[in-house]
Amino acid sequence: MSDENKKKKSKKWIIKALVIFLVVMGILTFFSNTIMNMTLTQVSTQQIYGATLSNITRASGLCHSNVEKEVKAENDMKIDTVDVYLYQTVEAGDVLAHLEIPENNEELKTAKDELEKMEKKLGYDARKPAESNDFYTLEMDVKDAKKKVETTKKTLEQAKNKDSLVDQVKSDIKSINSQIKDIENSKTELGTKLEAAQMRKESAQENLGPSKKAYEDAAAYLDSVTPDLESAQGTLSEKQAELDACVTDPSDPSFDQAKLDACQAEVTAAQSAVDEAQKKVDDAQSAADSAKEIYDQAQSEYDNACSEIDSINSQLEEKDNALSEKQAELAEKQKLQGEYDLLPTVEDAERAVKDAEHAVTVAEKTLNDARVNAGISSDQAQDAKQEELEKLEEQREKVKKLEEQYGVTEIVAPISGSVIAVNATRGGAATKGDVLFVIADMESGFYVECTVSKKDTEGMFIGSEVNADYCDYATVESIRPDPMDPMNSCILRISLSAYYIQPGATTVNCTISTSNRSYDCVVPKGAVHQDTEGDFIYILVTKNSPLGERYIARKVPVKVLASDSTSSAIEGAGINYAYCIVRTEKEIKNGEQVRLAQGETN
């Protein structure tokens, strides 16, 4: 066989092998995309994007009042009648039930009567005015006696120096009279100065008006001639501008010598008018300045006269005050002179001192004796009162024991409110400590306690507003762990403001919305799964192969940050913008190959 034939046969074999390979690959691809693909689990996906969640928590609970008082049996008793019904409104002191009265309770009645008498007596004693332990009068007697000693000693000292004291006070009186005379002379001089100053003031006031009028007239004239000067200056400027326009080169064909001369004459005339107006303004200014100077002088003289009058009046007031002080001092000295003239002899003064000192001793002893007696009386009264109190306590204890023996006759409401529980029955028996009634104070406010999951409390805070049935306003009052499941549950106490609810009977439905918050990764709630290791999702991973694209479900652990009724915010490694598997035909496993639902693309 030639080489050429061998090459042809070899090429045919290669072509046949290639055709066979393509046919097999086509068959396998068709089988993979149809028959094998139909055996895979069908899934639906959703790309993970950021979103905002608003969590809404719904819960309910039985309404309670903030103050609920239990009425318990104080001892073993038998109930005769029940006088209230469930949810009846009662006032404090209303009878809730009557008890059967045991026979032969005369001893209890006698003990109660005796107790009542003892309590009344103590009440009357408490209302009586307390015995006076006021030593004010005696203390003042001691104080007055000591003052009398000081006075008599001073009188004795004065009696020993009577002559020198009389001479001194006479000298003082003479000196004060001389000072009074000097003050009166000063007042006379000041009065003369005041009259002169008032005359100067009146004279200055007479000159002030005309000078002011002259100044105002001069100023008005100055204001009237100033516009004439300004007008003349404006005219001069215009004429000067016209003259400047006429001054050109004589060789200029348009040069007009006659017009130039006329303009020159007009400028000269305008300058004369300006000079004349300036002279009037200068003369008016000089007259106004002169009138202003005369007016200022008159005003100054008037002001000086007023200041001098004020100064003199101030000095006169000071002199009057000084005169009053000296006159008072003179009266005091004259009073001393009269007292010195009446001073006793030295012998009588010494006797008066001894009498005063004895009076102090007597007064102090009287005060001390009164204090000792008052202390003894107070101790006796306290002992007697303590004895009565001990007897009263013994009697109360006796009555209490008798009441336990014979029983009380009725049970009364301790507070006002609504009866929300009645456990007592007519003719029934109760043992000590049994709860017979529960009364809810309707004025104390209401609350409801609801059990919610710990996750639902995230974002809640004390004071969060709550939408509650039957209520005008409701807020979260407290959030605490549920003792039954502290790791996963919390108890919300919600404060209610309402008027038409019944504690112990009304179930209140509550809706609590936490604030909106944005998250980077949000998926449908159903896409989050749980196992023993925690929360996770499945994301779709695409792989290329000779038979086409294959889709693999990969398990990714995540942490749930928040949830609302439809969605959950999550965080995890590499999940941003990935395709999350949200629905499956059946349960899938990590790494399992899946197929997309019809119409979906990845």
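For the numbers below, each heavy atom of this structure counts, side chains included, while hydrogens, waters and symmetry mates do not. In this text the structure is predicted, and so the values were computed from the model without any measurement.
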ask   = Taking Tyr85 for the side chain and Val419 for the main chain, is one N or O donor matched with an acceptor at less than 3.5 Å?
value = no

key: Under 3.5 Å side-chain donor-acceptor pair for Ser416 and Glu91   = yes

key: Lys454 versus Met487, closest heavy-atom pair with distance   = CD-O, 3.3 Å

ask   = Nearest heavy-atom pair of Ala370 and Leu138: which atoms, and what distance?
value = CB-CD1, 3.5 Å

query = Within the side chain of Glu585, is there an N or O that forms a donor-acceptor pair under 3.5 Å with the backbone of Thr41?
reply = no

inquiry  = For the CD1 atom of Ile420 and the CZ atom of Phe437, what is their distance to the nearest 0.5 Å?
reply    = 13.0 Å

request  = Evaluate salt bridge (charged side-chain N to carboxylate O under 4.0 Å, His left out) for Glu116 paired with Lys120, printing each intermediate quantity in order.
outcome  = CA-CA 6 Å; Glu116 184 178 359; Lys120 283 183 178 180; 3.5 Å; yes

inquiry  = For the OG atom of Ser44 and the CZ atom of Arg583, what is their distance to the nearest 0.5 Å?
reply    = 4.5 Å

task = Apply the side chain to side chain contact (heavy atoms under 4.5 Å, CB included) test between Val508 and each candidate in Val466, Leu496, Ile494; give the one that qualifies.
result = Leu496

inquiry  = Applying side-chain hydrogen bond (donor to acceptor under 3.5 Å, both in side chains) to Thr110 and Glu114, what does each step give before you reach the verdict?
reply    = CA-CA 6 Å; Thr110 302; Glu114 183 64 25; over 6 Å; no

ask   = If only atom types and distance count, is the side chain of Asp434 paired as donor or acceptor with the main-chain N or O of Leu436 below 3.5 Å?
value = no

ask   = Can you list the steps and then say if Ile439 with Glu68 is a side-chain contact (heavy atoms from CB on, under 4.5 Å)?
value = CA-CA 6 Å; Ile439 300 175; Glu68 294 182 354; over 6 Å; no

note = Here the gap from Ile552 atom CD1 to Gln593 atom CD, rounded to the nearest 0.5 Å, amounts to 5.0 Å

message = Between the side chains of Lys143 and Glu139, is the shortest nitrogen-to-carboxylate-oxygen separation below 4.0 Å, so that they form an ion pair?
response = no

message = Show the nearest heavy-atom pair for residues Ala97 and Ile79, with the distance to one decimal.
response = CB-CG2, 4.3 Å

ask   = Do the charged groups of Arg480 and Glu449 touch, with an N to O distance under 4.0 Å?
value = yes

ask   = Between Ile48 and Val522, does a side-chain contact (heavy atoms from CB on, under 4.5 Å) hold up when you go through it step by step?
value = CA-CA 6 Å; Ile48 300 175; Val522 177; over 6 Å; no

query = Do Lys525 and Ser568 come within less than 4.5 Å of each other through their side chains, counting heavy atoms only?
reply = yes

ask   = Should we count NZ of Lys385 as having more than 12 external heavy atoms under 6.0 Å?
value = no

inquiry  = For Lys117, is there an ion pair with Asp113 - N to carboxylate O distance below 4.0 angstrom?
reply    = no

key: Asp482 atom CG, neighbour heavy-atom count above 12 within 6.0 Å   = yes

ask   = Ignoring hydrogens and geometry, is there a side-chain-to-backbone donor-acceptor pair from Asp310 to Asn313 under 3.5 Å?
value = no

inquiry  = Test your reading of the model: is there a side-chain donor-acceptor pair from Asp535 to the backbone of Val558, 3.5 Å cut-off?
reply    = no

ask   = Checking salt bridge (charged side-chain N to carboxylate O under 4.0 Å, His left out) for the pair Lys154/Glu150: CA distance, chi angles, key distance, verdict?
value = CA-CA 6 Å; Lys154 183 179 180 182; Glu150 294 175 359; over 6 Å; no

key: Atom of Ile501, atom of Cys63 and distance for their closest heavy-atom approach   = CD1-SG, 3.4 Å

task = Evaluate side-chain contact (heavy atoms from CB on, under 4.5 Å) for Ile512 paired with Leu492, printing each intermediate quantity in order.
result = CA-CA 11 Å; Ile512 309 165; Leu492 296 182; 3.4 Å; yes

message = In the structure I gave you, are the side-chain heavy atoms of Tyr579 and Ile539 within less than 4.5 Å of one another anywhere?
response = no

key: Asn509 side, atom CG; Ser60 side, atom OG - distance, nearest 0.5 Å   = 5.0 Å

ask   = Within 45° of the ring axis of Tyr538 and under 6.0 Å from its six-membered ring centre, is that where the NZ or CZ of Lys555 lies?
value = no

ask   = Any side-chain heavy atom of Val523 within less than 4.5 Å of one from Val582?
value = no

ask   = Tell me, do Glu397 and Glu394 make a side-chain contact under 4.5 Å, heavy atoms counted?
value = no

ask   = Under 6.0 Å from the CZ atom of Arg554, do we count more than 12 heavy atoms belonging to anything else shown?
value = no

request  = Answer yes when Arg396 and Glu119 have at least one side-chain N-carboxylate O distance shorter than 4.0 Å, and no when they do not.
outcome  = yes

query = Are any of the side-chain heavy atoms of Val448 and Leu62 separated by less than 4.5 Å?
reply = no

inquiry  = If you define the side chain from C-beta out and look only at heavy atoms, does anything of Val594 sit under 4.5 Å from Ile588?
reply    = yes

remark   = CZ (Arg371) and CD1 (Ile376) are apart, to the nearest 0.5 Å, by 14.5 Å

query = Below 4.5 Å, heavy atoms only, C-beta onward: do Leu392 and Leu115 meet side chain to side chain?
reply = yes

message = Atom OH of residue position Tyr470 - does it have more than 12 heavy atoms of other residues, nucleotides or ligands inside 6.0 Å?
response = no

query = Passes salt bridge (charged side-chain N to carboxylate O under 4.0 Å, His left out), Lys146 versus Glu364? Steps please.
reply = CA-CA 10 Å; Lys146 289 181 178 180; Glu364 288 179 340; 3.6 Å; yes

request  = List the steps and the verdict of side-chain hydrogen bond (donor to acceptor under 3.5 Å, both in side chains) for Gln42 and Thr584.
outcome  = CA-CA 6 Å; Gln42 181 175 283; Thr584 63; over 6 Å; no

ask   = Counting only N and O atoms by type, is there a donor-acceptor contact under 3.5 Å from the side chain of Thr152 to the main-chain atoms of Lys148?
value = yes

query = Within the distance-only criterion (no hydrogens, no angle test), does the side chain of Ser464 pair as donor or acceptor with the backbone N or O of Phe461 below 3.5 angstrom?
reply = yes

inquiry  = Could you check whether atom NE2 of His358 has more than 12 heavy atoms from other residues, nucleotides or ligands sitting under 6.0 Å from it?
reply    = no

key: Derivation of the side-chain contact (heavy atoms from CB on, under 4.5 Å) call for Cys490 and Thr451   = CA-CA 6 Å; Cys490 287; Thr451 301; over 6 Å; no

message = Could you check whether any side-chain N or O of Ser65 sits under 3.5 Å from a backbone N or O of Val67, counting only pairs where one atom can act as donor and the other as acceptor?
response = yes

message = When you measure from the side chain of Asp94 to the backbone of Val90, do you find a donor-acceptor pair of N or O atoms at a distance under 3.5 Å?
response = no

ask   = Do the side chains of Gln386 and Glu390 get nearer than 4.5 Å, heavy atoms only?
value = yes

query = Just by distance, do the side chain of Asn66 and the backbone of Ser444 share a donor-acceptor pair under 3.5 Å?
reply = yes

message = Looking at Glu592 and Lys586, is any side-chain nitrogen of the basic one under 4.0 Å from a carboxylate oxygen of the acidic one?
response = no

Nearest atoms (heavy-atom pairs only) where Pro414 meets Val71 = CD-CG2, 3.6 Å

remark   = When every non-hydrogen atom of Gln88 is compared with those of Val84, the smallest separation belongs to OE1-CA, 3.1 Å

message = Within a 6.0 Å radius of atom OH on Tyr577, are there more than 12 heavy atoms belonging to other residues, nucleotides or ligands?
response = no

From CD (Gln502) to OH (Tyr87), nearest 0.5 Å = 6.0 Å

